[in-house]
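In each ligand, atom 1 is the first atom listed, and ligand 1 is the first ligand listed. Every heavy atom of this structure was used, including side-chain atoms; hydrogens, water molecules and symmetry mates were not. Numbering starts at 1 and runs along the sequence shown. Just so we're clear, the structure is a prediction, and the values are computed from it rather than from any experiment.
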Amino acid sequence: MTDLTTLTLAAALDGLKSKQFSSVELTEAFNAAIRKARVLNAFVVETPEKALEMARASDARRAKGKAGRLDGAPLGIKDLYCTKGVRTTACSGILGEFTPTYESTVTQNLWDEGAVMLGKLNMDEFAMGSSNETSHFGNVINPWRRKGDNQGLTPGGSSGGSASSVAANLCLAATASDTGGSIRQPASFTGTVGIKPTYGRASRYGMVAFASSLDQAGPIARTVEDSAILLEVMCSHDPKDSTSLNIKTPNWRGDVRKGVKGMKIGIPKEYRIDGLSDEIDALWQQGIKWLKEAGAEIIDISLPHTKYALPAYYIVAPAEASSNLARYDGMRYGARVEGNNLTQTYEGTRASGFGKEVQRRLMIGTYVLSSGYYDAYYLRAQKVRTKIFQDFVSAFETCDAILTPACPSPAFAFGEKSGDPVEMYLNDVFTVTANLAGLPGIAVPAGLSASGLPLGLQVIGKALDEAACFRVGGALEDAAGFVAKPEKWW
Ligand code: GLN
């Protein structure tokens, strides 16, 4: 029998349905793979017994002909999602051993359809980072390596555990989250597919908050079709999240192989940033060519405020984070450092519980919201955000979807960018715009760098038009025929 851990989610669900294997067999294969891959540090909590229990229940349901849409499929869950009775810390020291008494809506949706939880996945602390180096539990390692080089590379961030575990066949697919690129960038660094839906599609209830007006749930998976299968289940209307949209979730799986004939694809000239590497430019040109050959019409578009997106994001996101993270004061959750009085306890807890990058963001956020600076920074950034949104609205009058590179570079090595926060922030240059405008964006692996690492292309769609992302993403996947896998060294 083929190694069950290498199956796509679609193939695994077919195999379960046709009784080629049971969920218990599939889950045992993943539990074993996870045990052997601890060097990757992708999981911060392994739940093998719980997984087997869920798998047994799934097999029993299937035997009775009552299987849900994901029944028996073993998944990894980013540690940002509250899971009842299973430690959830968003990989921050300040949450200590926090174990939620409730389940996030997104994960509940997965369990309601029969999915199996393998464990909680490593991530940057509170999802702040692009390399997984800010995790309290140490960084995740990318299963990919440069050709002829054993140096450890980052899987990207913040959903590095999700991306690494999917790329290394430690789960069929994983949940992730995206505030400024945290689904799309790690997907691009690991040869996997990641999609962030339109803001409001997926409930944020029970997701540890980073920047509430930007945060969205989404999957990282092996194929565009798998990402559609998972996203359909993750999205739902939820009265427990006031920003959740009361609309039906479409059948996106059906869009993946529809092709792009007659679609108009916009190419934004402002994404040709200074210093864009030849390699990334060539990949982008290749993507344009593929879509043209598949029958799409290519249109030059302009998104004039693009250059302000990154600075605006790095004001809005820290501002919201400073407000959201005020709740971690040692009183209600997790760890506490006892001082001589209340103020000392607050200060001691926050100084020792938060890592350096989180502290930096909280200081920036508090500063830009403080009286006297609010208008100059926060309000201004909000205005820029509106301009960026309007740029997209005008561009979408002439095109159906936008094609850009996903990231400015392939995966980098640990320490390569962590010394300079601004250099790290530049990773998000192509992804933050979709968050600021609330639009859906998908990253699809499209080729290999000269050093043998995966590179991704990004497709941005109109609000609520994930269908376009799936159609274009599917066409790119077909054309690229990306089948490369990391050589197994772990
Ligand atoms: N890298 C970005 C940041 O650090 C995005 C993170 C995210 O999307 N969660 O803010």
Counting N and O atoms only, with roles assigned by atom type, does the side chain of Glu270 sit under 3.5 Å from a partner on the main chain of Leu303, one being a donor and the other an acceptor?
yes

May I ask you to decide if Asn132's main-chain N or O and Ser135's side chain share a donor-acceptor pair within less than 3.5 Å?
no

Do the two ring centres, one from Phe126 and one from Tyr328, sit under 6.0 Å apart?
yes

Could you tell me if the ring centre of Phe412 sits under 6.0 Å from that of Phe189?
yes

Quick one about Thr249 and Glu232 (side-chain donor to acceptor, distance below 3.5 Å, no hydrogens or angles considered), yes or no?
no

Is it the case that the side chains of Arg184 and Gln458 hold a donor-acceptor pair, with the cut-off being a distance below 3.5 Å and no angle test?
yes

Is there a heavy atom in [X] that sits closer than 4.0 Å to ligand 1?
X      : result
Ala317 : no
Met424 : no
Tyr314 : yes

With heavy-atom distances below 4.0 Å as the criterion, list the atoms of ligand 1 near [X].
X      : value
Gly180 : 5 (C), 7 (C), 8 (O)
Asp428 : 1 (N), 2 (C), 3 (C)
Phe210 : 9 (N), 10 (O)
Asp178 : 8 (O)
Ser158 : 9 (N)
Ala127 : 6 (C), 7 (C), 9 (N)
Met128 : 4 (O)

Is Lys240 close enough and on-axis enough to Tyr205, meaning under 6.0 Å and within 45°, for cation-pi?
yes

Where does the angle between the aromatic ring planes of Phe98 and Tyr333 fall among parallel (under 30°), tilted (30 to 60°) and perpendicular (over 60°)?
perpendicular

Geometric class of the Phe392/Phe396 ring pair [parallel <30°, tilted 30-60°, perpendicular >60°]:
parallel

Contact partition for Glu125 relative to ligand 1, non-hydrogen atoms under 4.0 Å
neither

Structural part of Tyr425 in contact with ligand 1, heavy atom criterion under 4.0 angstrom:
neither

What residue and heavy atom of the protein are closest to atom 10 (O) of ligand 1, and at what distance?
Tyr313 OH, 2.6 Å

Can you tell me which residue and heavy atom of the protein come closest to atom 6 (C) of ligand 1, and the distance to 0.1 Å?
Ser182 OG, 2.8 Å

Give yes if a backbone or side-chain nitrogen or oxygen of Ser177 is under 3.5 Å from a nitrogen or oxygen of ligand 1, and no if not.
no

State whether the shortest distance between N or O atoms of Gly129 and N or O atoms of ligand 1 falls below 3.5 angstrom.
yes

Could you give me the CA-CA distance, side-chain angles and deciding distance for Ser236 and Asp238, then say whether side chain to side chain donor-acceptor pair (under 3.5 Å) is met?
CA-CA 6 Å; Ser236 64; Asp238 182 9; 6.0 Å; no

